[in-house]
Amino acid sequence: SRFNNNSNDSFLQSMTFATAGKDIRTSCDCDECGNIPLAILAAIRERKRQRLLESDVPFLMKRTQQRNLICRYDSISVWNLVMPVNAEPLVEFGTSHRIVWIRRLNGGDNSSSSIESIGKGIIGSSDEEKSRTELKDWKEGNVVLVPSNGGKAVGWIHVHKKSADNVANEQQDDGSPKTTKSDQNSGSDSCNGYAVLYVAKIPMDKLDEDKKDNKDDADWTLPLLEYCRQGLHEMKNNSSLSTGEEKGPSTHTSYFQFPEETSNNIKRIMQDAEDKASLGA
């Protein structure tokens, strides 16, 4: 997609795969962005402006997540997403299925940080932040399938986990949280590590193609397509179970956690694809 309106620059940086170091109005690498309604653009810009004015540190640059294309074949691509603690989420539209390898989570310390999914509402708003959901199975080394949500917003945040003792120490006598300037400074978190996700994006229509039509695809795309089909099948089988938070040992309402053997195969496939891409193969 191409954007030519200068007023959209800040929005594009948080919503698309704009290539670093290039003019974001003409270098969008996104697989799935379309025409954004002007009303949504205006609402997001206004919300960001208000947050900047209300901040005690208005000149402090918020940390942002960074993503880079690892490899692409046809419409299937693999991305590297680097997520500092509490960095603003990079948001895109969920028109593709995603296979996500949690390659790094704060140096393997799953007890000190976790991954959350964005909530409902304008990104960064109070309602959105309150409705964010911790993804408890997203631990270092795990691989999950995130099915398409039909084009709604998709994004994740790497957050610092607070122990029960720390939470108690940060509460006032009435139980309400204490707020300090250091809390508003994302750079002052005691947990200063970062998470790394490898994300394979698979368009929905790619799965509808006959397997015979995929014979000319790159060798790394074929098994990813098959694992995506398997994950969707498992999620469908579990859909008849109770609609509680957990639908099975490896299935959540919004994602499917692959078993260990399958996860290891997927990690090897992504690593091999990255190696071949680096060699120009």
| task | Let me see the working for Tyr227 and Thr262 under side chain to side chain contact (heavy atoms under 4.5 Å, CB included), right down to the final yes or no. | result | CA-CA 8 Å; Tyr227 287 132; Thr262 303; 3.5 Å; yes
Inset, instruction - Answer yes or no: does atom CD of Glu260 have more than 12 heavy-atom neighbours from other residues, nucleotides or ligands under 6.0 Å? - result: no
Exactly one of Val154, Ile123, Thr133 clears side chain to side chain contact (heavy atoms under 4.5 Å, CB included) with Ile118, and that residue is Ile123
dist Lys136:NZ -> Asn142:CG (nearest 0.5 Å) comes out at 15.0 Å
Contact check, side chains of Glu234 and Leu145, non-hydrogen atoms, under 4.5 Å
no
Check your understanding: Are any non-hydrogen side-chain atoms of Met270 and Ile70 less than 4.5 angstrom apart?
Key -> no
Heavy atoms of Phe256 and Gly231 approach each other most closely as CD2-CA, 3.8 Å
If you define the side chain from C-beta out and look only at heavy atoms, does anything of Asp272 sit under 4.5 Å from Trp220? no
request  = Answer yes or no: is there a donor N or O on one side and an acceptor on the other, between the side chain of Glu128 and the main chain of Gly124, under 3.5 Å?
outcome  = yes
Interatomic distance, CD@Glu116 vs CG@Leu135, rounded to 0.5 Å, equals 8.0 Å
In terms of heavy-atom contacts, Gly119 and Arg132 come closest through N-CG, 3.6 Å
Between Ser254 and Met235 the two heavy atoms that sit nearest each other are C-CE, 4.2 Å
Below 4.5 Å, heavy atoms only, C-beta onward: do Gln271 and Arg103 meet side chain to side chain? yes
So OG of Ser117 and CD1 of Ile157: to nearest 0.5 Å the spacing works out to 7.0 Å
Check: Which is it for His158 and Leu105 under the side chain to side chain contact (heavy atoms under 4.5 Å, CB included) test, yes or no, and what are the steps along the way?
Finding: CA-CA 8 Å; His158 179 210; Leu105 185 59; 3.7 Å; yes
Check your understanding: Taking side chain as C-beta onward, heavy atoms only, is Thr64 less than 4.5 Å from Leu90?
Key -> no
| field | Beyond-backbone contact of Ile102 with Leu197, side-chain heavy atoms, under 4.5 angstrom | value | yes
Closest non-hydrogen atoms of Gln65 and Trp156, given as atom of the first, atom of the second and distance, are NE2-O, 2.7 Å
I'd like to know if the side chain of His97 and the backbone of Met204 have a donor-acceptor N/O pair within less than 3.5 Å.
no
Checking the side chain of Ser263 only, and the main-chain atoms of Phe258 only, is there a donor and an acceptor separated by less than 3.5 Å? yes
CZ of Arg67 to CD of Glu92, rounded to nearest 0.5 Å, is 5.0 Å
One should read off an interatomic distance between Tyr198 OH and Ile269 CD1, to the nearest 0.5 angstrom, of 15.0 Å
For Gly141, does its backbone N or O pair with a side-chain atom of Lys267 as donor and acceptor, under 3.5 Å?
yes
Exercise. Let me see the working for Val85 and Val159 under side chain to side chain contact (heavy atoms under 4.5 Å, CB included), right down to the final yes or no.
Key: CA-CA 5 Å; Val85 173; Val159 298; 5.8 Å; no
_If you define the side chain from C-beta out and look only at heavy atoms, does anything of Asp74 sit under 4.5 Å from Thr221?_
no
| said: For a 4.5 angstrom cut-off between non-hydrogen side-chain atoms, does Cys228 reach Leu207? | reply: yes
One should read off an interatomic distance between Ile76 CD1 and Leu225 CG, to the nearest 0.5 angstrom, of 4.0 Å
Exercise. Say whether, by atom type as modelled, one donor and one acceptor occur between the side chain of Ser148 and the main chain of Gly94 under 3.5 angstrom.
Key: yes
Before you tell me yes or no, could you show the steps for Ile115 and Met83 under side chain to side chain contact (heavy atoms under 4.5 Å, CB included), namely the whole-Å CA-CA distance, both residues' side-chain angles and the distance that decides it to 0.1 Å? CA-CA 9 Å; Ile115 304 296; Met83 310 166 68; 4.2 Å; yes
All heavy atoms of Gly151 vs all of Thr95, minimum pair found to be CA-CG2, 3.5 Å
